[in-house]
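Report on the structure given below.
Any value given below was found using the heavy atoms of this structure, including those in side chains, with hydrogens, waters and symmetry copies removed. For clarity, every value in this text was computed on a predicted model and none was experimentally measured.
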Protein chains: 2
Amino acid sequence: MEPSERADRPVGINDVAARAGVSAGTVSNVLNRPERVSEATRIRVERAIEELDYVRNSSGRNLRSGRSDSVGLVVLDVTNPFFTEVAQGVEDVAAEDGLAVVLLNSAERRDRQRRSARLLAEQRAAGAVVMPVDGDTEDLLWLRKQGVCGVLLDRGDVGPETACSVSVDNRAGGAAAARHLIGLGHERVTFLSGPEGLEQCRTRLQGLREGLAEVGIDPESAVRVVHTAQLNAESGEKAVEEVLAGGPGRRPTAVFCANDQLALGVLKGLGERGLSAPADLSVVGYDDVATASLVHPGLTTVAQPKYELGCSAMRLLLSELNDPGHRHERLRFTPELVVRGSTAVNRG
Amino acid sequence: MEPSERADRPVGINDVAARAGVSAGTVSNVLNRPERVSEATRIRVERAIEELDYVRNSSGRNLRSGRSDSVGLVVLDVTNPFFTEVAQGVEDVAAEDGLAVVLLNSAERRDRQRRSARLLAEQRAAGAVVMPVDGDTEDLLWLRKQGVCGVLLDRGDVGPETACSVSVDNRAGGAAAARHLIGLGHERVTFLSGPEGLEQCRTRLQGLREGLAEVGIDPESAVRVVHTAQLNAESGEKAVEEVLAGGPGRRPTAVFCANDQLALGVLKGLGERGLSAPADLSVVGYDDVATASLVHPGLTTVAQPKYELGCSAMRLLLSELNDPGHRHERLRFTPELVVRGSTAVNRG
DNA sequence: CCCCGTGATTGACACGTTTCAATACCCGCT
DNA sequence: AGCGGGTATTGAAACGTGTCAATCACGGGG
């Protein structure tokens with residue numbers, strides 16, 4: 001139709017310039033600093049852009065500026081609703097600034113985390129929000145050395161002189177669960193943990209113990225710890241047997257799970273054995289994922305501000321990117337206990 | 001420490017070349033076609049790369065090649081477990097080929113879908129897997145015109161001469177649900193749909209009707225349709241009232257939900273009214289998300305091969321990218337009914 | 001001793017954009 | 001008419017990489 005339609009070479013800024021009868025620099029100005037160009041030419045250029053269906057090539061732009069306009073989000077498990085809500089927050093805030101979010105999934109594996117970091121470095125990403133596998137912040141530090149500023153999210157620790165970080169007070173969460181259970185008269189509780197060595201699990205356990213100690217209960221004898229292979233429902237279901245074990249006298253009256261997924265698994269496992277919460281066992285989870293309110297009985301759980309976590313992490317990142325007087329910040333949220341039906345007064 | 005450590009200008013291919021005493025072209029060859037370079041120099045270059053901690057700049061590479069090495073995945077809702085499982089599949093397959101996945105969230109909004117498309121075009125993404133909002137394939141076509149080859153996933157339709165597509169046979173899914181309910185003696189069923197006009201909902205409903213007609217039941221009188229504002233649990237919960245409405249004689253004995261989220265909401269809503277499935281109402285969902293097996297009673301649902309959906313979409317995309325003799329393909333899965341506790345024989 | 005073939009390496013250019021110093025233009029004032 | 005000052009536009013130079021024709025080094029064969 002249009003005789004000026006060239007071969008299949010994509011249309012570039014020069015084609016637009018030619019069509020509008022101006023230089024490439026002017027087109028660039030129209031795109032980036034419209035105030036510097038007269039209205040007449042601006043309109044002419046805009047029409048040319050429209051007519052040619054020009055879309056700018058960000059490779060060129062990034063090459064020139066040495067910086068890309070996308071940020072990375074390295075997440076531990078895309079299928080875990082906790083992380084996707086965080087991602088939602090990150091993305092919404094990033095969108096306000098026109099930044100694209102590259103979602104990388106480390107699947108809890110160090111090698112994949114490393115690959116993700118390399119990738120972001122190669123892209124010269126503007127920044128990255130990373131939830132390190134297992135508290136391993138090495139890749140984050142490497143990224144920063146490469147000039148990609150990174151914010152630490154929810155796990156691990158680097159000094160506040162090194163990078164921003166946002167986290168939730170896991171100790172307080174554990175203590176809140178403890179106080180709730182004590183208030184209901186529970187004195188023997190099992191902590192259902194994830195794989196050994198996970199920092200967040202350890203800290204939640206620590207909070208639980210401290211909460212018990214506060215009221216004079218000896219944590220050593222009152223809490224027993226059971227480890228699972230993974231932080232998912234299947235593991236929780238399988239662990240029910242072991243949670244309940246220990247002889248009738250020593251059978252716990254409550255279980256505090258490191259994770260909602262685990263807790264949901266426990267609820268299911270109880271049902272399969274003809275038992276139920278809270279009659280046979282009070283169950284407390286952690287995270288407050290959407291499903292927690294859908295099961296019956298509803299899951300009592302320690303709620304984390306997931307969406308806000310993502311938002312604030314991204315805001316800190318934006319501040320570091322745009323604000324020249326930026327000082328690293330260490331943001332810390334306090335979780336809140338949400339009481340639903342899975343816990344009740346101990347009638348043991 | 002190293003006196004050769006330059007200013008904070010990032011190290012480029014030229015720095016490596018200088019350090020190794022070769023030309024930039026040779027370094028590039030080491031990186032991209034190692035077989036063309038002698039072993040001695042290759043080792044020397046590799047050491048230089050190591051020593052300088054060089055990471056290549058993909059802006060330059062992409063600019064040169066006119067193509068980036070990442071693919072887009074445009075998804076309707078990052079927080080919906082259905083989509084995240086699909087994303088998992090896409091990502092796993094992409095990782096095999098060293099492609100990065102940029103996850104874009106259209107949040108069911110046309111404008112955000114358009115933004116995502118623009119972004120991918122600007123990045124000159126190698127390809128895109130897109131689940132169009134509301135069957136709107138316009139952006140996909142535009143992307144293809146821009147040279148970004150796109151695969152259509154799960155919704156909408158373009159002719160197979162235009163692009164590859166992967167979908168699930170929604171009609172068969174609806175029919176399977178119908179057969180199951182008929183087998184249990186249900187003859188009055190409500191279809192709980194999403195917002196009006198969603199193609200997938202319409203087709204599932206159509207399948208339901210056809211399944212009923214097969215055995216001589218008149219769909220017109222047997223099925224009633226209730227629409228909700230969104231395809232989420234909250235909407236399902238709110239819709240319970242309306243689902244149950246219609247007077248005792250006309251009260252349905254079963255409800256078929258367009259979505260597991262809706263179905264889970266219905267289960268919750270029933271509980272809040274002192275009712276329960278399947279005693280008061282048999283409930284069937286669609287998708288088989290992880291939660292479906294965790295609630296009590298377990299949710300009978302039409303299972304979609306979510307992970308495989310993602311894998312195949314990405315495979316088709318890879319084929320189009322790498323295989324010169326590629327022919328567009330239209331892949332179609334058949335869903336499978338998973339029977340759990342939320343449905344039972346009609347004792348009305 | 002020269003020529004030629006082969007394989008390794010180089011040098012220069014192209015990719016599409018932004019930036020910035022330099023220029024062209026216009027207007028009002030002396 | 002000439003000049004100063006402001007604004008609009010241009011032209012050329014980067015940015016870091018991949019490619020490819022041209023060159024170089026090295027031996028073997030005539």
| query | What's the CZ-C1' distance between A:Arg67 and C:dT17, to the nearest Å? | reply | 17 Å

| With A:Asn29, which residues qualify under side-chain contact (heavy atoms from CB on, under 4.5 Å), at least two apart? | A:Arg33

| Reference residue A:Glu138; test salt bridge (Lys or Arg N to Asp or Glu O under 4.0 Å); the match among A:Arg114, A:Arg144, A:Lys145 | A:Arg114

| query | Between A:Asn62 (CG) and C:dC15 (P), how many Å, whole number? | reply | 19 Å

| request: Only pairs at least two apart or in different chains count here, so list each salt bridge (Lys or Arg N to Asp or Glu O under 4.0 Å) that has a residue in residues 305-317 of chain B. | output: none

| task | Would you confirm whether A:Glu91, through its side chain, and A:Val86, through its main-chain N or O, come within 3.5 Å as a donor-acceptor pair? | result | no

| said: Using side-chain heavy atoms (C-beta onward) and a distance below 4.5 Å, is A:Val90 in contact with A:Cys311? | reply: no

| request: Report the residues that fulfil side-chain contact (heavy atoms from CB on, under 4.5 Å) with A:Glu161, sequence neighbours left out, ordered by chain and then residue number. | output: none

| remark: Ordered by number, residues from residues 24-46 of chain B within less than 4.0 Å of DNA chain C (heavy atoms) are B:Thr26, B:Val37, B:Ser38, B:Thr41

| query | Between which nucleotides of DNA chain D, 5' to 3', does chain B make heavy-atom contacts below 4.0 Å? | reply | D:dG16 to D:dT19

Please list each protein N or O that sits under 3.5 Å from an N or O in nucleotides 23-26 of chain C, with the distance.
none

| Qualifying residues under side chain to side chain donor-acceptor pair (under 3.5 Å), relative to A:Glu329, sequence neighbours excluded | none

| Roughly how many Å is it from CG in A:Leu52 to C1' in C:dG16, rounded to a whole number? | 15 Å

| Residues that A:Leu141 engages under side-chain contact (heavy atoms from CB on, under 4.5 Å), provided they are two or more places apart | A:Thr137, A:Val158, A:Thr162

| Just how far is it from atom CG of A:Asn105 to atom OG1 of A:Thr79, taken to the nearest 0.5 Å? | 7.5 Å

| query | If an axis is fit to five pairs at each end of the helix from C:dC1-D:dG30 to C:dT30-D:dA1, what is the angle between the two, to the nearest 10°? | reply | 70°

| Is the shortest heavy-atom distance from the side chain of A:Arg61 to the side chain of A:Asn32 under 4.5 Å? | yes

| task | Find the distance B:Arg64:CZ to C:dG16:P and express it as a whole number of Å. | result | 10 Å

| field | Toward the 5' end of DNA chain C, by each residue's nearest nucleotide, B:Gly60 or B:Gly21 | value | B:Gly21

Can you give the donor-acceptor pairs under 3.5 Å from side chains of residues 116-123 of chain B to other protein atoms, not counting sequence neighbours?
unit_1, atom_1, unit_2, atom_2, d
B:Ser116, OG, B:Arg112, O, 2.9

| Non-neighbouring partners of A:Arg36 that pass salt bridge (charged side-chain N to carboxylate O under 4.0 Å, His left out), sequence neighbours left out | none

| field | Non-neighbouring partners of A:Asp111 that pass salt bridge (charged side-chain N to carboxylate O under 4.0 Å, His left out), sequence neighbours left out | value | A:Arg109

